[in-house]
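Just so you know, ligand 1 is whichever comes first in the structure, and atom 1 is the first atom listed for that ligand. What you see is a predicted model, and the numbers here were worked out from it, not measured in a lab.
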Amino acid sequence: MGSPPLIFLKHNIIYLKVFIIFFLTSVPNITNLRPNQSLATLKVQRPPSLNSTNIVSSLETLSLDGYFSFENNHHAAKDFGNMYHFLPSAVLHPKSVQDISNTIRHIYEMGSASELTVAARGHGHSTQGQAQAHQGVVINMESLQKLEMQVHTGKTPYVDVSGGELWINILHETLKHGLAPKSWTDYLHLTVGGTLSNAGISGQAFQHGPQISNVYQLEVVTGKGEVVTCSEKKNTDLFYGVLGGLGQFGIITRARISLGPAPKMVKWIRVLYSEFSIFTKDQEQLISSENSFDYIEGFIIINRTGLLNNWRSSFRPKDPVQANQFSSDGRTLYCLEVVKHFNPDDTKTVNQSMENLLSKLSYIPSTLFLSEVPYVEFLDRVHVSEKKLQAKGLYEIPHPWLNFFVPKSRISDFAEEIFGNILTDTSNGPILIYPVNQSKWNNKTSLVTPDEDVFYLVAFLTSAMPSSTGTDGLAHILTQNKRILDFCATAELGIKQYLPHYNTQEEWQAHFGPRWKVFAQRKLAYDPLAILAPGQKIFRKATRTS
Ligand code: FAD
């Protein structure tokens, strides 16, 4: 199936005579970044043409609770990836859902006379310009945070939050009631709308599914400007479409998130393996065990001599003497990271349960490291690293990340090539790897996953040193990423990209596979002019020149 705008035109031959479709002009050349292209060539786009300026100024006529800014919008042309910079024509700072609805309806009613597209921007932590809109309108969703959070206690507790709310704020608010969301991301300074447009995955996902499997209801503004409440029972198609829908069908303005009892403390454990197969066998056993850990992740350590010494500031070795004798010697090691929740009055029970679970694992005995921290400290752990990197000026640098879902049956083939041949010297950042149970994931959402009961999340969270031409430079890392992607394609591993990014619709069709048809139909139903989330580069807005 072609893009919705094309189909639109096919059905109306008169349109064909009058309009010229500028597929190529709506997405600038900069989107086709080649691996060997240097950072220096990535420039901020020019301001819009005069014609566009007239159209943009029509936005000023809208009556709003919030406001538009037309100048100094460079922050909206940036994201965590620091590789793509598309300057918008305007940024909307909404104070109400109506502001968002009025703006989108206005743009929708202009039809294909305007090139304007709209990107919701959560916390701007995408890596490939997904929350940007070249010469379009960016909606600063965090302005909506002011909508009050409402916690509902009782048998099935939940919290109603704004789509622009940060997960860290939700944690603090729900904890006041002894409750918390069940499923997290590793980093909490991300917005509800941003993670629900993808999936929201962390070490709880094996048990509770991702964040998109833990939502009861959404309020959405569609690409026509309609405000729609949707859930499993009401406007079901839109509800599941939006969850994991990469912002294509509507802007999430409110979400009802499922909650559970929050523990006060966690036992946080790390153990090491030198054999990949033993490491994954243990991980797989843990995610299928009854009364398992509450969080199960893992990461790869490539060439990190002195690693255990670094851990000592936060973890203590179970056996300090043996731990002192352990040397990583630059080997590739695999770290299993697990957590057990507890409250101070059940320490004895939790210790027994933990010992029991650990006794069934085959890690290197001298490498058992433990820590005991408050639940909040554990959940907000990545923020600590963020602050340290910021202090060193190492946060706002390029982040050419790659994330995959790898079927369990192919994880050893994947690891053999990637860690045996491609990433042998260094990884330029953490590499996470952990399995999840598909059965806990709601498969009605827009997210695509491999067709197996168990699959792995593998995340290459790479940082590139600005202006470096060495192995830590952007060009080298992008070449390495391409090798990884090429291998996955040639070896037909059946992987799916998480936080996917592609440049052509053919690639997107291949990504969605048999689910593409439904995805494209939903686009036609909810955003027929392809106004929303242009930075994902899935559909392009059709425009006319005269
Ligand atoms: P943005 O980057 O602002 O937006 C992302 C996309 O969603 C864009 O297309 C945007 O237009 C759209 N969008 C934003 N808000 C809305 C809305 N309200 N309605 C509809 N569409 C919207 N992901 C995980 O799953 N697990 C992790 O552990 C994890 N850790 C991370 C750690 C760091 C340091 C970073 C930078 C990212 C991490 N991510 C993780 C990825 C993260 O979940 C996504 O990049 C997410 O989109 C970022 O949220 P955001 O609020 O910054 O969204």
>> Would you say the rings of F279 and Y334 are close, in the sense that their centroids are separated by under 6.0 Å?
In response: yes
>> If only side-chain N and O atoms count, and only distance matters, is there a donor-acceptor pair under 3.5 Å linking T195 with Q211?
In response: yes
> Is the shortest N/O to N/O distance between I201 and ligand 1 below 3.5 Å?
Replying inline: yes
> Mind checking whether F80 and Y395 have parallel, tilted or perpendicular rings, split at 30° and 60°?
Replying inline: perpendicular
> For ligand 1, is there an N or O atom under 3.5 Å from any N or O atom of T185?
Replying inline: no
> Pick one: which of E337, Q207, K340, Q204 meets side chain to side chain donor-acceptor pair (under 3.5 Å) with Y295?
Replying inline: E337
> With atoms numbered from 1 as shown, which atoms in ligand 1 lie under 4.0 angstrom from a non-hydrogen atom of R121?
Replying inline: 3 (O)
> With atoms numbered from 1 as shown, which atoms in ligand 1 lie under 4.0 angstrom from a non-hydrogen atom of G247?
Replying inline: 21 (N)
> Can you find an N/O atom of W401 closer than 3.5 Å to an N/O atom of ligand 1?
Replying inline: no
> For A533, is at least one N or O under 3.5 Å away from an N or O on ligand 1?
Replying inline: no
> Any cation-pi pair here, R381 with F378, using under 6.0 Å and within 45°?
Replying inline: yes
> Is there a heavy atom in G200 that sits closer than 4.0 Å to ligand 1?
Replying inline: yes
>> As a check for students: among Q536, Q132, H399, Q128, identify the option with a heavy atom nearest to atom 6 (C) of ligand 1.
In response: Q536
>> Is it the case that ligand 1 has an N or O less than 3.5 angstrom from some N or O of L190?
In response: no
> So, is T191 polar-close to ligand 1, with some N/O to N/O distance under 3.5 Å?
Replying inline: yes
> Is A120 close to ligand 1, meaning an N/O of one under 3.5 Å from an N/O of the other?
Replying inline: yes
> Does E142 come within less than 4.0 Å of R121, counting only side-chain N to carboxylate O?
Replying inline: no
>> I want to know if ligand 1 touches I252 in the polar sense, i.e. an N/O pair below 3.5 angstrom.
In response: yes
> What's the verdict on ring-ring contact (aromatic ring centres under 6.0 Å, His included) for F70 and F68, showing C-alpha distance, side-chain angles and the deciding distance?
Replying inline: CA-CA 6 Å; F70 296 96; F68 276 107; 5.7 Å; yes
> Less than 3.5 Å between some nitrogen or oxygen of S126 and one of ligand 1, yes or no?
Replying inline: yes
>> Check whether S89 reaches the backbone of Q135 with its side chain - one donor and one acceptor, N or O, closer than 3.5 Å.
In response: yes
